[in-house]
Amino acid sequence: GDSVTQMEGPVTLSEEAFLTINCTYTATGYPSLFWYVQYPGEGLQLLLKATKADDKGSNKGFEATYRKETTSFHLEKGSVQVSDSAVYFCALSGLTGGGNKLTFGTGTQLKVEL
Amino acid sequence: DAGVTQSPTHLIKTRGQQVTLRCSPKSGHDTVSWYQQALGQGPQFIFQYYEEEERQRGNFPDRFSGHQFPNYSSELNVNALLLGDSALYLCASSLVGTNTGELFFGEGSRLTVL
């Protein structure tokens, strides 16, 4: 079945550091890929998405590129801020589930310090 | 614009009891999905409701059941509670036909089973 593997946290960075959170997936066909973020005390919210190979999703300075050849969707940001501290989830929407049935990774907690 | 609201926010039950969790979707949305998020894990899909019927179901036993009302709000019921049912239960809403994978999540109901 579909699965998502993402790097374990917590990841602790200094402000303005470069961020990479790795995500790889297993799925049949060509799933849509997502990054969701959970800020403290808030619900999950969509950060960015990509629906086909080589697509780049971007939002709030974050980027991720759908790499079919490596089945990856790594999240990157060039300069993190304290306000980026949150838990980040990689997810996919496979062929059988449609857009509402998401398969999530275990999440990566990011802590950004001054 | 009200987002997804869930109640109660926290509750404690004992093994064997039954619990009902409630969700009101974001204004304008007609589809509700439920997810279970165990501590340190990513959310897992339980089921989805549209037009008052269960449309998709994840790998959860029949002890987990749900309902959707004409106003699109939804309930999740869990019977014969087990210790392993302790988790954060997330409700997500969307609009049928969009199939974009962009779900709007509530903050969740944290269930503790003793």
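The sequence lines fix the lettering, A, B, ..., with proteins before strands; numbering per chain opens at 1. Quantities reported herein were computed from a predicted structural model and do not represent experimental measurements.
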Original post:
For A:Glu42, is it the side chain, the backbone, both, or neither that has a heavy atom closer than 4.5 Å to a heavy atom of chain B?
Top reply: backbone

**OP:** Measure B:Phe47 against the heavy atoms of chain A and call it side chain, backbone, both or neither at under 4.5 Å.
**Re:** neither

**OP:** Taking all heavy atoms of B:Gln41 and all of A:Phe89, pick out the closest pair and write down the distance.
**Re:** O-CE2, 4.0 Å

Subject >> Selection from A:Cys90, A:Ala91, A:Gly9, A:Gly41 maximising heavy-atom pairs under 4.5 Å formed with chain B >> reply: A:Gly41

Original post:
Which atom names give the shortest non-hydrogen contact between A:Lys101 and B:Gln56, and what distance separates them?
Top reply: CD-OE1, 3.8 Å

**OP:** Tell me, yes or no, whether the heavy-atom count around B:Leu39 atom CG, taken from other residues, nucleotides or ligands under 6.0 Å, exceeds 12.
**Re:** no

Original post:
How far apart are the C-alpha atoms of B:Leu103 and A:Leu46, what are their side-chain angles, what is the distance that settles it, and do they pass the side-chain contact (heavy atoms from CB on, under 4.5 Å) test?
Top reply: CA-CA 7 Å; B:Leu103 304 182; A:Leu46 180 66; over 6 Å; no

Subject >> B:Val4 with B:Tyr72, same ILVMFWY side-chain cluster at under 4.5 Å >> reply: no

**OP:** Can you establish whether the number of heavy atoms outside B:Asn71 located under 6.0 Å from its atom CG is more than 12?
**Re:** yes

**OP:** Please report the C-alpha distance between B:Phe45 and A:Phe104 in whole Å, then the side-chain angles of each, then the deciding distance to 0.1 Å, and finally whether the side-chain contact (heavy atoms from CB on, under 4.5 Å) criterion is met.
**Re:** CA-CA 9 Å; B:Phe45 177 79; A:Phe104 286 88; over 6 Å; no

Original post:
If you group Ile, Leu, Val, Met, Phe, Trp and Tyr by side-chain heavy-atom gaps below 4.5 Å, do B:Tyr89 and B:Phe104 land in one group?
Top reply: no

Subject >> Distance in Å, B:Glu102 CD paired with A:Leu48 CG, rounded so as to fall on 0.5 Å steps >> reply: 11.0 Å

Original post:
Considering residues, nucleotides and ligands other than A:Glu8, do more than 12 of their heavy atoms fall under 6.0 Å from its CD?
Top reply: no

Original post:
Does a sphere of radius 6.0 Å around CZ in B:Arg63 hold more than 12 heavy atoms from other residues, nucleotides or ligands, not counting ones at 6.0 Å or beyond?
Top reply: yes

**OP:** Would you kindly confirm whether A:Met7 and A:Tyr88 end up in one hydrophobic cluster when ILVMFWY residues are joined by side chain heavy atoms under 4.5 Å apart?
**Re:** yes

**OP:** Tell me whether B:Phe105 is reachable from B:Leu88 by hopping between hydrophobic residues (I, L, V, M, F, W, Y) whose side-chain heavy atoms are closer than 4.5 Å.
**Re:** yes

Original post:
Is chain B contacted by the side chain of A:Gln109, its backbone, both, or neither, given a heavy-atom distance below 4.5 Å?
Top reply: neither

Subject >> Side chain / backbone / both / neither for B:Gln44 at chain A, heavy atoms under 4.5 Å >> reply: neither

Original post:
Side-chain contact, heavy-atom cut-off 4.5 Å: B:Tyr35 with A:Leu44?
Top reply: no

